[in-house]
Amino acid sequence: MRWHEITVNTTEQAVEMISNFLHEFGAGGVSIEESGTLNKKRDTSLGQWYELPFNDIPEGRAVIKGYFVEGTDLESIMTTLKQSVEGLAEFGIDTGNPSYELREVDDEDWANAWKQYFKPVRITERLTIKPTWEEYTASEGEIILELDPGMAFGTGTHATTSLCLKTLEEVIKGGEDVIDVGTGSGILSIAAAKLGARRVLAVDLDPVAVSSASENSKLNGLEDQIHVKLSDLLGVFKESEAGGGEDLGVKLPVQVVVANILAEIILLFLDDVYKVLAPGGCYVVSGVILSKQKDVENGLLAAGFEVEDVRRDGEWVVLIARKR
């Protein structure tokens, strides 16, 4: 089968929004490659090894590819895509004068080729992400997160996700109820459950994400502990108030909320997080580019949170906040 490949050369800051546009326009898959220049330091402190060689993508840049079936109205998609990307400037997202390319490819050129580069990755001394198709023997005390992200989601090794995983390892003490907002592949929900959370509610507005998170929960034997729901936080809160909370899997208010989403989106539902979080509860906020850190900090303070800590990995930060 032949596919149309749309390539967007842009910035790392714009990756998540442009990827989302491609999915919304009907892409059968999206691949992302960020800078792997020789100036980028690779963390090998836990014995990590890397299959992908360093590439020649300039630092701060990224190449996004979306794949569309034959017969797709590409002219309409390209026009709408360019308009949508231009509109990101209104949200303060620098797209870096993006360029676009279009070509035809075969199934084998993209559908499974990426899997050869996804190997077990040790995120912390306890947490390791393992693709379902790889053999791996865990060491004593090591927590394995089985993952089949599919073409629609990342492998869990991006800085925003690894920051979240490292933070959850410290935040989860055992017995907490957790809400994972914008769950994607469900990797953060799976980690929270395996770290000792009592129950986890994973919510996402994308049906593909709900399906992926549900399947990955089953792969880890956690389908009874993780409840995946097509919803947002406001919907969760309203359902609980209406007496439908038994369908949420968790008991509101919860002790931990985690969100690995763009800063612009995070700022839209701060009040909703405040409503579902117990006093003294922890809010782990990721997906925040360095240039947006102060905006998110100010938003958290205005919503009634106290920012306890900020951690950085390259151009990305995670914020740890508490409900006063």
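Positions are given from 1, in the same order as the sequence printed here. Computed from a predicted model, the values in this text were never measured in an experiment.
Looking only at distances, a side-chain donor or acceptor of N216 sits under 3.5 Å from a matching main-chain atom of S185. Judged by distance alone, with hydrogens and angles left aside, the side-chain atoms of K251 form no donor-acceptor pair with the main-chain N or O of L248 at under 3.5 Å. S211 places no side-chain N or O within 3.5 Å of a backbone atom of P207 that could act as its donor or acceptor partner. The closest donor-acceptor contact from the side chain of K323 to the backbone of Y274 lies under 3.5 Å. Checked by atom type and distance alone, the side chain of T10 pairs as donor or acceptor with a backbone atom of T95 at under 3.5 Å. For the pair T183 (side chain) and D180 (backbone), a donor-acceptor distance under 3.5 Å is absent.
Using a cutoff of 4.0 Å between basic side-chain nitrogens and carboxylate oxygens, E306 and R322 are not scored as salt-bridged. In summary, E5 and R103 engage in a salt bridge, as defined by a charged side-chain N under 4.0 Å from a carboxylate O. The residues R311 and D309 are annotated as salt-bridged, a charged nitrogen and a carboxylate oxygen being separated by less than 4.0 angstrom. The residues D177 and R198 are annotated as salt-bridged, a charged nitrogen and a carboxylate oxygen being separated by less than 4.0 angstrom. A salt bridge between K294 and E297 is present, with a side-chain N of the basic residue lying under 4.0 Å from a carboxylate O of the acidic one. Salt-bridge check for E135 with K130: failed, with every basic side-chain N at 4.0 Å or more from each acidic carboxylate O. R122 and E125 are not joined by a salt bridge, as no carboxylate oxygen comes within less than 4.0 angstrom of a charged side-chain nitrogen.
Two residues are said to be in side-chain contact when any heavy atoms from C-beta on lie closer than 4.5 Å; V178 and V250 fail this criterion. Residues L252 and I179 have side chains in contact (heavy-atom distance under 4.5 Å, counting atoms from C-beta outward). Side-chain contact between T72 and F25 is absent, with no heavy-atom pair separated by less than 4.5 Å. Between V318 and V288 the shortest side-chain heavy-atom distance does not fall below 4.5 Å. P131 places none of its side-chain heavy atoms less than 4.5 Å from the side chain of D148. Taking 4.5 Å as the limit, some side-chain heavy atom of F305 sits within range of a side-chain heavy atom of L277. Residues K194 and L222 meet the side-chain proximity criterion, which asks for heavy atoms closer than 4.5 Å.
Side-chain polar atoms of Y283 and E308 form no donor-acceptor pair below 3.5 angstrom. Side-chain contact annotation: E24 with N20, donor-acceptor N/O pair under 3.5 Å present. Judged purely by distance below 3.5 Å, without hydrogens or angles, the side chains of T124 and E169 pair a donor atom with an acceptor atom. For the 3.5 Å distance criterion, the side chains of S217 and E223 fail to qualify, holding no donor opposite an acceptor. Side-chain contact of S139 with E142: a donor-acceptor pair under 3.5 Å is present, judged by distance alone.
Linking Ile, Leu, Val, Met, Phe, Trp and Tyr residues whenever their side-chain heavy atoms come within less than 4.5 Å places L88 and I266 in a single cluster.
Taking a 6.0 Å sphere around CD of E90, one finds it holds 12 or fewer heavy atoms contributed by other residues, nucleotides or ligands. Under a cut-off of 6.0 angstrom, the local environment of CZ in F91 is sparse, with at most 12 non-hydrogen atoms contributed by other residues, nucleotides or ligands.
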Verdict with reasoning, E70 to R2, per salt bridge (Lys or Arg N to Asp or Glu O under 4.0 Å): CA-CA 6 Å; E70 287 184 299; R2 301 285 287 175; 5.3 Å; no
Step by step, would you call K292 with E264 a salt bridge (Lys or Arg N to Asp or Glu O under 4.0 Å)? CA-CA 8 Å; K292 298 291 182 181; E264 290 76 15; 3.5 Å; yes
Could you walk me through whether K218 and E146 pass the salt bridge (Lys or Arg N to Asp or Glu O under 4.0 Å) test, one step at a time? CA-CA 10 Å; K218 292 176 183 177; E146 292 270 357; over 6 Å; no
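Considering all non-hydrogen atoms of both residues, V210 and V228 come closest at O-CG1, 3.6 Å.
For the side-chain contact (heavy atoms from CB on, under 4.5 Å) test with F269, the passing option among D232, V276, I261 is I261; the others fail.
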